[in-house]
> 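Before I ask anything, here is the structure I am working with.
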Amino acid sequence: MAAKAGAETKKKTSTQRQKEEEKRERSEKLNAQKSALESRLAAVEALRSGYEIPVLEGQEVEHTQYGPGTVVSQREAVITVRYGNVEKKQKLPFVVAGGFMHLKDSETETQLVHMDDLDKQKASLDKEIQYINSLLGDLEKA
């Protein structure tokens, strides 16, 4: 009977080793994915750092809902636009990239759309990295 108990212990140890190996392989795979995502994130951040919110004060714009207007002030990415007798605060680059507002300067408009795209890519990569970090945390607890 003692021999049988020893065999069960050895079998359990083998199963544990297999689980540990699977855990190690999963951890390596997740770390490789995380590293690739971090590299992509660094590239996106480098591209985005080449852009700054353009100064639009004094420029004429066309809003899909409010019509023609003029940018009367700007604080970083928040512009205040006067449409007739009404002033509205709007956020760049979202308002342009979302197609709600058009600028007379198509080059600046294209730049804002590109900035918004890079911001979205960064947010998506940040979420993916956060998810992988949570999976790695769960693996460590197991």
> Atom CZ in Arg26, atom CG in Asp138: separation rounded to 0.5 Å?
10.5 Å
> Salt bridge check: are Glu28 and Arg24 linked by an N-O gap of less than 4.0 Å?
yes
> Test your reading of the model: is there a side-chain donor-acceptor pair from Ser35 to the backbone of Asn31, 3.5 Å cut-off?
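Flag not set: sc Ser35 to bb Asn31 has no pair under 3.5 Å.
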> Please confirm whether the backbone N or O of Lys23 pairs with a side-chain atom of Ser27, one donor and one acceptor, at under 3.5 Å?
no
> How long is the span from the CD atom in Glu20 to the OG1 atom in Thr15, to the nearest 0.5 Å?
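Output value for this atom pair is 11.0 Å.
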> Can you tell me if Gln130 has over 12 outside heavy atoms packed within less than 6.0 Å of its CD?
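Counting other residues, nucleotides and ligands, CD of Gln130 stays at 12 neighbours or fewer.
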> Measuring only between side-chain heavy atoms, which start at C-beta, is Thr13 closer than 4.5 Å to Arg17?
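When only atoms from C-beta onward are counted, Arg17 and Thr13 do touch, with a gap below 4.5 Å.
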> How long is the span from the CG atom in Asp119 to the CE atom in Met115, to the nearest 0.5 Å?
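It comes to 6.5 Å.
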> Say you draw a straight line from CG of Leu136 to CG of Leu30; how long is it, rounded to the nearest 0.5 Å?
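One gets 5.0 Å once the value is rounded to the nearest 0.5 Å.
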> Begin from the C-alpha positions of Val86 and Tyr66 and carry the test side-chain contact (heavy atoms from CB on, under 4.5 Å) through to its verdict.
CA-CA 9 Å; Val86 178; Tyr66 307 120; over 6 Å; no
> Please say whether more than 12 non-hydrogen atoms of neighbouring residues, nucleotides or ligands are located less than 6.0 Å from CD in Glu87.
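Buried by this count: over 12 neighbours within 6.0 Å.
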> Which donor-acceptor pairs under 3.5 Å do the side chains of residues 120-129 make with protein atoms, sequence neighbours left out?
unit_1: Lys120; atom_1: NZ; unit_2: Asp116; atom_2: OD2; d: 3.2
unit_1: Gln121; atom_1: NE2; unit_2: Asp117; atom_2: OD2; d: 2.9
unit_1: Lys122; atom_1: NZ; unit_2: Asp126; atom_2: OD2; d: 2.9

> Throw together a table of side-chain donor-acceptor distances under 3.5 angstrom for residues 90-105, partners on residues two or more places apart or in other chains.
unit_1: Gln90; atom_1: OE1; unit_2: Tyr83; atom_2: OH; d: 3.0
unit_1: Gln90; atom_1: NE2; unit_2: His63; atom_2: NE2; d: 3.3
unit_1: His102; atom_1: ND1; unit_2: Glu109; atom_2: OE2; d: 3.0
unit_1: Asp105; atom_1: OD1; unit_2: Glu107; atom_2: N; d: 3.1
unit_1: Asp105; atom_1: OD1; unit_2: Thr108; atom_2: N; d: 3.4
unit_1: Asp105; atom_1: OD2; unit_2: Thr108; atom_2: OG1; d: 2.5

> Any link between Val55 and Ile79 through a network of hydrophobic side chains (Ile, Leu, Val, Met, Phe, Trp, Tyr) touching at under 4.5 Å?
no
> Can you tell me how far the OH atom of Tyr131 sits from the CG atom of Leu37, to the nearest 0.5 Å?
12.5 Å
> With rounding to the nearest 0.5 Å, note down the distance linking CD in Glu38 to CD1 in Ile132.
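Going from CD on Glu38 over to CD1 on Ile132, the span is 8.5 Å.
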> Are Tyr51 and Val78 connected in the hydrophobic side-chain network, where two residues link if heavy atoms are under 4.5 Å apart?
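No, Tyr51 does not connect to Val78 through the hydrophobic network.
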> Considering only distance and modelled atom types, tabulate donor-acceptor pairs under 3.5 Å from the side chains of residues 67-74, sequence neighbours left out.
unit_1: Ser73; atom_1: OG; unit_2: Thr80; atom_2: OG1; d: 3.3
unit_1: Gln74; atom_1: OE1; unit_2: Leu56; atom_2: N; d: 2.7
unit_1: Gln74; atom_1: NE2; unit_2: Pro54; atom_2: O; d: 2.9
unit_1: Gln74; atom_1: NE2; unit_2: Glu76; atom_2: O; d: 3.0

